Asker: 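Quick one: structure below, then a few questions.
We use all heavy atoms of the structure for the numbers below, so side chains are in, but hydrogens, waters and symmetry mates are not. These figures come from a predicted structure and were not determined experimentally.
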Amino acid sequence: MLQNVGSLDRWVRAIVGLVIVSLVFWGPQTPWGYLGLIPIATAAFSWCPLYAMFGLSTCATARRAST
């Protein structure tokens, strides 16, 4: 699997995901906050299925790794 999420993109996804997940515990307290796990997972794996589908990447080409 090629990495297609760069480091800045990973940080933004992780922070946004944590903010969304926090809505489960604070704020409106609805289960919709668990959707924040999606950006957290894409940040953790450095791979976004939507980026792959559209051929996008925020990774530097030298840092891409195939696993």
Side-chain angles (χ1 to χ4, degrees):
M1 176 167 41
L2 290 174
Q3 292 181 345
N4 60 7
V5 177
S7 61
L8 177 63
D9 197 1
R10 287 179 69 189
W11 278 103
V12 171
R13 288 170 185 262
I15 292 169
V16 168
L18 289 172
V19 168
I20 294 171
V21 168
S22 73
L23 295 177
V24 173
F25 306 103
W26 299 282
Q29 297 180 344
T30 65
W32 284 100
Y34 289 116
L35 288 175
L37 294 175
I38 296 170
I40 292 172
T42 59
F45 293 112
S46 297
W47 184 76
C48 177
L50 288 176
Y51 278 10
M53 187 168 45
F54 292 111
L56 300 172
S57 177
T58 57
C59 260
T61 54
R63 292 186 46 203
R64 285 189 184 176
S66 177
T67 56

Asker: Measure the shortest side-chain to side-chain distance between T42 and P49 over non-hydrogen atoms and say whether it is less than 4.5 angstrom.
Answerer: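 Touching, per the 4.5 Å side-chain cut-off.
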Asker: With clusters defined by side-chain heavy atoms of hydrophobic residues (ILVMFWY) lying less than 4.5 Å apart, directly or transitively, does V12 cluster with V21?
Answerer: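 No.
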Asker: Using every non-hydrogen atom in the two residues, find where A43 and A14 come nearest and quote the distance to one decimal.
Answerer: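 A43 and A14 have their closest heavy atoms at CB-N, 4.0 Å.
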Asker: L23 and Y34: same hydrophobic cluster, using ILVMFWY side-chain contacts below 4.5 Å?
Answerer: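 No: no chain of side-chain contacts under 4.5 Å links L23 to Y34.
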Asker: Under 4.5 Å between side-chain heavy atoms, hopping through other hydrophobics if needed: is there a path connecting L50 to V16?
Answerer: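 Result: no, two separate clusters.
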Asker: Could you pull out the closest heavy-atom pair between W47 and L2, with the gap in Å?
Answerer: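 Where W47 meets L2 most closely, the heavy atoms are CD1-O, 2.8 Å.
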Asker: Would you check if D9 and Y51 make a side-chain contact, meaning some heavy-atom pair closer than 4.5 Å?
Answerer: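 A side-chain contact under 4.5 Å exists here.
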Asker: Under 4.5 Å between side-chain heavy atoms, hopping through other hydrophobics if needed: is there a path connecting L37 to V24?
Answerer: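 Shared cluster, yes.
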Asker: What is the distance from atom CD1 of I15 to atom CD1 of I40, rounded to the nearest 0.5 Å?
Answerer: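 These two atoms lie 11.0 Å from each other.
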Asker: Measure across S57 and C59 and return the closest heavy-atom pair with its distance rounded to 0.1 Å.
Answerer: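 Reported closest heavy-atom pair: OG-N, 3.2 Å.
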Asker: If you take all heavy atoms of S22 and V19, which pair is closest and at what distance?
Answerer: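 Scanning both residues, the minimum pair turns out to be OG-O, 2.5 Å.
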Asker: Can you tell me how far apart CD1 (I20) and CG (L35) are? Round to the nearest 0.5 Å.
Answerer: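 Going from CD1 on I20 over to CG on L35, the span is 7.5 Å.
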Asker: Which pair of heavy atoms, one from P39 and one from G17, lies closest together, and at what distance?
Answerer: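 The answer is CG-CA, 3.8 Å.
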Asker: So if you build clusters from Ile, Leu, Val, Met, Phe, Trp, Tyr with side-chain heavy-atom gaps below 4.5 Å, do W26 and L18 land together?
Answerer: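 Linked within one cluster.
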